[in-house]
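Below is one structure, written out as structure tokens; the observations come after it.
In the text below, chain A, chain B and the rest are named by the order of the sequence lines, each starting its count at 1. Values below: all heavy atoms of this structure, side chains included; hydrogens, waters and symmetry mates excluded.
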Amino acid sequence: MDFKQRLIHWYSDNKRKLPWRSTKNPYFIWLSEIILQQTQVKQGLPYYEAFIKQYPTIFDLANASEQDVLKLWQGLGYYSRARNLHSTAKHIAFDLDGKFPNNYKDLLKLKGVGDYTASAIASIAFNQVAAVVDGNVYRVLSRFFGIDTPINSTAGIKEFKTLASSLIDKEQPATFNQAIMEFGATQCKPKNPYCIVCPFNDRCVALLKNLVNELPVKLKKTKVTTKYFNFLVFIDNDKNTFLEKRIGKGIWQNLYQFPLIESEKSLKVDEFQKLNTEDTILECTDFEYSLYNETDYVHKLSHQHLHTKFWIIEVDQLPNSSIPISEVKKYPVPILIGKFIDAFNFQTT
DNA sequence: AAGGCGGGGTC
DNA sequence: GACCCAGCCTT
């Protein structure tokens with residue numbers, strides 16, 4: 001049997017039952033693919049279920065507010081996916097009259113849809129012969145063929161795309177694509193792959209040359225920067241607080257947070273007080289504050305380690321731009337803020 | 001071509 | 001700790 005035959009045979013025996021595998025609805029396929037970008041099935045699954053329940057059609061999603069979409073996306077990360085998802089839903093619903101693009105070329109034009117996702121939707125929903133290359137495919141092919149071209153180099157991206165395109169089963173592209181990804185996810189894993197029972201262990205170059213742990217090759221490592229965040233949790237006598245919307249280009253765009261002061265280092269209580277006195281950040285003159293967490297909570301992102309302090313600031317009355325504490329949970333917030341809200345008992349204040 | 005963008009899981 | 005995950009976008 002050749003590669004594709006043996007792979008598809010393995011898939012028929014070992015595939016997981018996943019909800020997006022029992023539909024050809026391009027809206028559902030698209031939704032699942034966006035959710036699964038850089039996200040493991042286990043983590044994305046509950047979000048997929050929540051989205052199809054809340055937004056059964058692309059028109060439901062298009063008619064929602066971005067804030068509501070972000071709220072449902074809360075905790076999944078890479079929030080540009082949610083913003084692009086909503087934007088593209090509106091585009092398809094209103095500009096394209098609800099007609100989902102049905103080929104690789106047109107799918108690629110959609111915001112948030114790159115080569116991988118366009119290939120996935122084209123093959124799975126429309127049976128087009130378009131090879132997917134995701135992290136799983138890079139790993140499977142680099143090991144099976146013993147290719148050490150860095151997978152994130154321009155040459156590597158091109159080489160693996162060409163290779164996958166030459167291997168894909170033209171009679172069943174949807175099955176082939178899902179099979180090779182499933183194989184990479186559950187069998188040819190990054191660490192401790194199941195080579196002993198692998199259907200390819202008679203001719204996997206990496207296994208035969210003892211290079212399984214060396215492949216695939218990836219360039220560079222991400223440099224992590226450390227930042228110091230001070231969130232100001234205002235509370236007034238009427239149980240109001242402040243939230244601000246994050247704008248600009250950085251992390252958590254369009255999500256909400258307690259007013260933030262970034263500092264060069266972790267602030268002690270007197271340093272925080274000095275900062276406020278000098279900069280008159282707190283316009284209210286009559287207030288009491290306390291530090292919620294004595295030791296920084298360290299929130300780790302891929303590129304940033306956020307050393308975070310929450311300062312509780314009690315005042316008599318906040319301006320009209322404040323919101324009732326009871327409404328805080330309506331706003332999409334970073335998981336860091338969400339965990340604080342859950343842990344901090346507003347009622348006792 | 002390089003860097004930014006989340007949060008969770010594994011080893 | 002380091003690395004990975006059904007990648008994409010901007011510069």
Charged N-O contact under 4.0 Å between A:D2 and A:K4: yes
Aromatic plane relationship, A:W30 with A:Y27 - under 30° parallel, 30 to 60° tilted, over 60° perpendicular: tilted
Distance, rounded to the nearest Å, where A:W73 contributes CH2 and B:dC5 contributes P: 18 Å
Side-chain donor/acceptor contact of A:Q43 with base of B:dG8 under 3.5 Å: no
A:L76 CG to B:dG9 P, straight-line distance once rounded to whole Å: 12 Å
Gap between atom NZ of A:K71 and atom OH of A:Y256 - 0.5 Å precision: 11.5 Å
No-H, no-angle donor-acceptor pair, A:T117 side chain to C:dG7 base, under 3.5 Å: no
Rounded distance in Å - CD (A:Q37) to C1' (C:dC4): 16 Å
Spacing between A:I34 atom CD1 and C:dC5 atom P, to the nearest angstrom: 18 Å
Integer-rounded Å distance: C:dA6 P and A:I151 CD1: 13 Å
Base C:dA6 paired with A:R21 side chain (donor-acceptor, <3.5 Å): yes
Sidechain N-carboxylate O distance under 4.0 Å for A:R21, A:E182: yes
Closest to side chain of A:K220, choosing from B:dC5, B:dG3, C:dA6: B:dG3
Distance-only donor-acceptor test (3.5 Å): side chain A:T222, base B:dG3: no
Nucleotide nearest A:Y79 (side chain, heavy atoms from C-beta), chosen from C:dC4, C:dG7, B:dG6: B:dG6
Atom pair distance, as rounded to whole Å: OH in A:Y78 and P in C:dA6: 13 Å
Results of ring-ring contact (aromatic ring centres under 6.0 Å, His included) for A:Y78 - residues two or more places apart only: none
ring-ring contact (aromatic ring centres under 6.0 Å, His included) against A:F28, all qualifying residues, sequence neighbours excluded: none
Strand contacts (DNA chain B) in residues 328-340 of chain A, 4.0 angstrom heavy-atom criterion: A:P334, A:I335, A:K339
Selected nucleotide, minimal atom distance to A:Q40 side chain, candidates C:dT11, C:dG7, B:dG8: B:dG8
A:K218 versus A:S153, side-chain donor and acceptor atoms under 3.5 Å: no
Atom-to-atom span, CZ of A:F160 to C1' of C:dG7 - whole angstrom: 16 Å
